[in-house]
Amino acid sequence: MWRTPALIVVTALILISCGPKSIAKKPVPREREIRAIRLMAEGDALLKEEKYHLAMLKYMEASEMNPYHEVIFNKLAVVYSRLARFYEARVAVERSIGLNRNYAYAYNTLGILDMATKDIEGARKAFEKAISLNPDVANFHANLFYAYVKLGLTGKAQTALNRALKLNPNIFESGNSIEIDTAVENDPEELYQLAVSFAEIGNLSYCLRYLGKALSLDLADVRRIQTEKAFDRFRDEPKFMSLMRLFGIGVN
């Protein structure tokens with residue numbers, strides 16, 4: 001029976017993973033490899049159900065079964081991030097990168113972690129690295145789009161957004177939400193720029209989502225909404241007009 005306390009596993013991770021240094025992989029008995037894969041699959045199912053603590057325990061057990069599997073440590077980092085345990089998340093993702101410096105998904109996770117901890121420049125670099133390793137993943141480009149918006153790089157943001165949509169036109173729809181959406185939720189100007197970006201690609205739902213949040217946070221100079229060309233395509237839409245009336249903004 002597996003009885004290793006969770007704290008021991010976390011401590012072991014901290015001791016063996018001080019920064020993203022290259023880690024030499026060692027042979028793991030086949031039966032432990034198989035057990036680790038099964039535990040990881042169980043963790044994936046729990047993560048999908050948003051049972052984060054239970055998923056964490058599965059991934060931790062998997063990591064002890066096979067401490068040289070970069071995918072396990074990346075998933076452990078993901079679930080730690082969902083639990084706002086950012087230190088442990090960084091330890092885990094750095095070990096993932098140390099085990100495989102060409103594993104794009106680990107850099108994407110690192111970028112999400114950097115966004116959550118307000119290191120936006122670090123997030124930009126991490127997302128760009130992920131894309132350089134695997135340019136065909138829509139979420140990488142979408143996450144980079146969010147980072148560019150926070151950095152005020154609107155031109156680059158639009159390019160990243162277009163690339164994300166080219167790879168997956170439904171990236172922003174149900175089942176394809178961006179993991180770092182909440183990283184921009186408190187800045188009305190950033191929210192406004194997101195609304196403009198989504199208006200430019202014709203996505204009414206996300207445009208209103210961010211525009212409504214920006215207005216709720218007392219967006220400065222709301223009059224510019226009346227002259228923003230990106231919003232022209234939506235001015236006759238009932239939902240757009242309803243939002244404008246809600247905040248006392250003329251629709252004509």
Side-chain angles (χ1 to χ4, degrees), residues 74 77-78 81-82 84 86 89-90 93 97 103-217 219-220 224-225 228-234 239-240 243:
N74 182 55
V78 169
S81 295
R82 300 284 177 88
F86 300 128
R90 187 168 295 277
V93 77
I97 292 171
Y103 185 44
Y105 286 90
Y107 290 99
N108 182 63
T109 301
L110 180 61
I112 292 170
L113 178 60
D114 284 339
M115 287 285 281
T117 54
K118 311 303 181 184
D119 181 4
I120 312 306
E121 181 61 21
R124 176 191 68 79
K125 292 178 181 178
F127 294 139
E128 288 178 346
K129 177 66 173 180
I131 291 168
S132 72
L133 292 169
N134 189 343
D136 297 326
V137 180
N139 269 45
F140 295 175
H141 295 277
N143 288 340
L144 181 59
F145 156 68
Y146 276 80
Y148 281 152
V149 168
K150 287 193 71 68
L151 290 169
L153 303 172
T154 54
K156 288 187 174 182
Q158 196 64 44
T159 298
L161 178 58
N162 290 337
R163 287 174 178 167
L165 289 166
K166 184 177 181 180
L167 289 165
N168 182 357
N170 300 314
I171 184 67
F172 295 99
E173 304 307 321
S174 177
N176 293 287
S177 58
I178 303 306
E179 299 110 313
I180 56 175
D181 187 28
T182 56
V184 294
E185 66 181 5
N186 296 318
D187 189 313
E189 184 58 34
E190 291 172 0
L191 290 163
Y192 178 80
Q193 293 303 323
L194 284 169
V196 170
S197 294
F198 282 106
E200 288 178 345
I201 64 170
N203 190 315
L204 174 62
S205 177
Y206 271 76
C207 171
L208 296 181
R209 174 180 180 174
Y210 290 115
L211 187 57
K213 288 182 178 180
L215 291 168
S216 296
L217 292 171
L219 177 72
R224 58 182 161 162
I225 295 174
E228 174 56 61
K229 292 183 179 179
F231 297 145
D232 287 349
R233 67 177 69 196
F234 298 144
K239 290 182 179 179
F240 186 88
L243 181 66

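Just so we're clear, the structure is a prediction, and the values are computed from it rather than from any experiment. Residue numbers start at 1 and run along the sequence shown.
- At a threshold of 4.5 Å between non-hydrogen side-chain atoms, the residues Q158 and L161 count as touching.
- In this structure, H141 contributes its side chain and P135 its backbone to a donor-acceptor pair below 3.5 Å.
- To the nearest 0.5 angstrom, I97 atom CD1 is 15.0 Å from Y105 atom OH.
- Contact between V149 and A157 at its shortest, heavy atoms only, is CG2-CB, 3.8 Å.
- For I201 against R233, the heavy-atom pair with the smallest separation is C-NH1, 3.9 Å.
- Once rounded to the nearest 0.5 Å, the distance linking CD of Q193 with CZ of F198 reads 12.5 Å.
- Partner of N108 under the side-chain hydrogen bond (donor to acceptor under 3.5 Å, both in side chains) criterion, chosen from N139, N143, N74: N143.
- Put simply, the residue from R90, K125, K129 that forms a salt bridge (charged side-chain N to carboxylate O under 4.0 Å, His left out) with D114 is R90.
- Here the closest non-hydrogen pair linking Y146 and L194 is CE2-CD1, 4.3 Å.
- Rounding to the nearest 0.5 angstrom, the gap separating the OG1 atom in T154 from the CZ atom in F145 is 10.5 Å.
- Side-chain contact check for R224 versus L219: some heavy-atom pair is nearer than 4.5 Å.
- If you take OH on Y148 and CD1 on I120, they are separated by 13.5 Å, rounding to the nearest 0.5 Å.
- The side chain to side chain donor-acceptor pair (under 3.5 Å) test applied to E200 returns no partner, not counting sequence neighbours.
- Atom CG of residue L243 and atom CG of residue L211 lie 5.5 Å apart, to the nearest 0.5 angstrom.
- Closest of all the heavy-atom pairs between A164 and A142 is CB-N, 3.7 Å.
- Across all their heavy atoms, A147 and F127 have their closest contact at CB-CD1, 4.1 Å.
- V93 places none of its side-chain heavy atoms less than 4.5 Å from the side chain of Y107.
- Distance check: L208 CG to N203 CG gives 9.0 Å after rounding to the nearest 0.5 Å.
- Contact between F231 and C207 at its shortest, heavy atoms only, is CE2-SG, 3.6 Å.
- Counting only heavy atoms from C-beta outward, the side chains of L133 and Y103 never approach each other to under 4.5 Å.
- The shortest side-chain heavy-atom distance between N162 and K166 does not fall under the 4.5 Å cut-off.
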### Query
Stepwise, does the side chain to side chain contact (heavy atoms under 4.5 Å, CB included) test hold for L215 with Y192?
CA-CA 8 Å; L215 291 168; Y192 178 80; over 6 Å; no
